[in-house]
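Here is the structure we will look at.
Since the structure is predicted, the reported quantities are computational estimates derived from the model, not experimental observations.
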Amino acid sequence: MNASDALLASGGLLVANGPLDALDIISLVCLGLGALLSLAAGVGLMRFSDVLMRMHAQTKPQIAGLMFLLIGLAVQQTHLPTILFLIPIMFFQMLTTPAGATMLARAGYRSRQFDNAPLYVDELAAAVESAQRRTDDELTRAHAVRTGQPEREPAPEHEGLGHGEK
């Protein structure tokens, strides 16, 4: 009985070139986890109802899935330049995904594309109001310059300030 027959009899895994070694199993597990997490991210994007929940599904499993896929690839590679090439892929993915998610969350918040759940502390409302006021003031000034009408004074930032009250 040779080694392949003994491995097969014990329930081990075989491939065309012989039995699987530890690196193959680690790679297989990492690639499987990466594929499963990427699938979960895709399903979450389709199933979740609002922007904020979809943003969560897009970022967390997607980053972890890519990390497992890259680890699975790195374990199988024998050339150092190939392994080193995978590091910037993960770095730039980890750098850009949170920035993109933040932009999507702000856009979803400003357009009210989220469930109408009660927010106990809405830390973004004042910033959005202030930015909207500044945008409106800039548009008013630009319109006044184009039409030659006198400029109106912009609305004060906070109610009660700037009217003689201190």
Side-chain angles (χ1 to χ4, degrees), residues 1-136 138-139 157-158:
M1 177 182 254
N2 63 20
S4 295
D5 292 335
L7 184 64
L8 187 58
S10 67
L13 297 173
L14 283 177
V15 291
N17 297 339
L20 286 174
D21 63 350
L23 291 180
D24 291 335
I25 293 172
I26 291 170
S27 181
L28 181 68
V29 168
C30 286
L31 291 173
L33 278 172
L36 186 65
L37 286 169
S38 296
L39 177 68
V43 169
L45 285 173
M46 298 301 293
R47 298 280 302 166
F48 287 152
S49 61
D50 69 345
V51 171
L52 299 177
M53 288 192 292
R54 286 181 180 170
M55 178 193 67
H56 174 77
Q58 180 258 334
T59 54
K60 293 185 191 279
Q62 188 258 342
I63 286 284
L66 179 66
M67 182 180 64
F68 279 120
L69 287 172
L70 292 178
I71 290 171
L73 290 173
V75 166
Q76 286 296 313
Q77 295 303 314
T78 57
H79 296 96
L80 185 62
T82 306
I83 296 170
L84 292 178
F85 184 71
L86 299 176
I87 293 171
I89 294 173
M90 191 68 215
F91 173 75
F92 286 117
Q93 187 69 30
M94 292 178 101
L95 186 70
T96 58
T97 298
T102 301
M103 297 294 287
L104 288 173
R106 283 182 153 278
Y109 179 87
R110 289 188 81 159
S111 63
R112 299 289 180 204
Q113 297 293 321
F114 57 90
D115 283 344
N116 201 8
L119 296 175
Y120 296 106
V121 178
D122 192 355
E123 296 174 355
L124 199 54
V128 169
E129 239 176 77
S130 175
Q132 188 63 44
R133 227 180 283 125
R134 280 193 305 270
T135 302
D136 292 344
E138 289 170 7
L139 289 174
E157 283 293 317
H158 300 286

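- For Leu37 against Ala64, the heavy-atom pair with the smallest separation is CD1-CB, 3.7 Å.
- Of all non-hydrogen atoms in Met55 and Ala101, the two that sit nearest each other are SD-O, 3.1 Å.
- Between atom OG1 of residue Thr97 and atom CZ of residue Phe92 there is a gap of 12.5 Å, rounded to the nearest 0.5 Å.
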task: Go through the steps to decide whether Met90 and Met94 satisfy the test side-chain contact (heavy atoms from CB on, under 4.5 Å), and finish with yes or no.
output: CA-CA 6 Å; Met90 191 68 215; Met94 292 178 101; 3.5 Å; yes
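- For the atom pair CG of Leu23 and CD of Gln77, the computed distance is 12.0 Å after rounding to the nearest 0.5 Å.
- Remark: the Ser130 side chain and the Arg134 side chain contain an N/O donor-acceptor pair separated by less than 3.5 Å.
- In this structure, the side-chain hydrogen bond (donor to acceptor under 3.5 Å, both in side chains) partners of Glu129, at least two apart in sequence or on a different chain, are Arg133.
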field: Residues Val75, Cys30; criterion side-chain contact (heavy atoms from CB on, under 4.5 Å); working and verdict
entry: CA-CA 9 Å; Val75 166; Cys30 286; 5.7 Å; no
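- Atoms CG and CG, on Asp24 and Asp21 in that order, are 4.0 Å from each other to the nearest 0.5 Å.
- Across all non-hydrogen atoms, the minimal contact from Phe48 to Arg54 is O-NE, 2.8 Å.
- Note that the CD1 atom of Ile83 and the CD1 atom of Ile71 stand 12.0 Å from one another [nearest 0.5 Å].
- With hydrogens and angles disregarded, a donor-acceptor distance shorter than 3.5 Å links the side chain of Ser38 to the backbone of Gly34.
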message: Could you go through Leu31 and Leu28, starting from their C-alpha distance and side-chain angles, then the distance that decides it, and tell me whether this counts as side-chain contact (heavy atoms from CB on, under 4.5 Å)?
response: CA-CA 5 Å; Leu31 291 173; Leu28 181 68; 5.9 Å; no
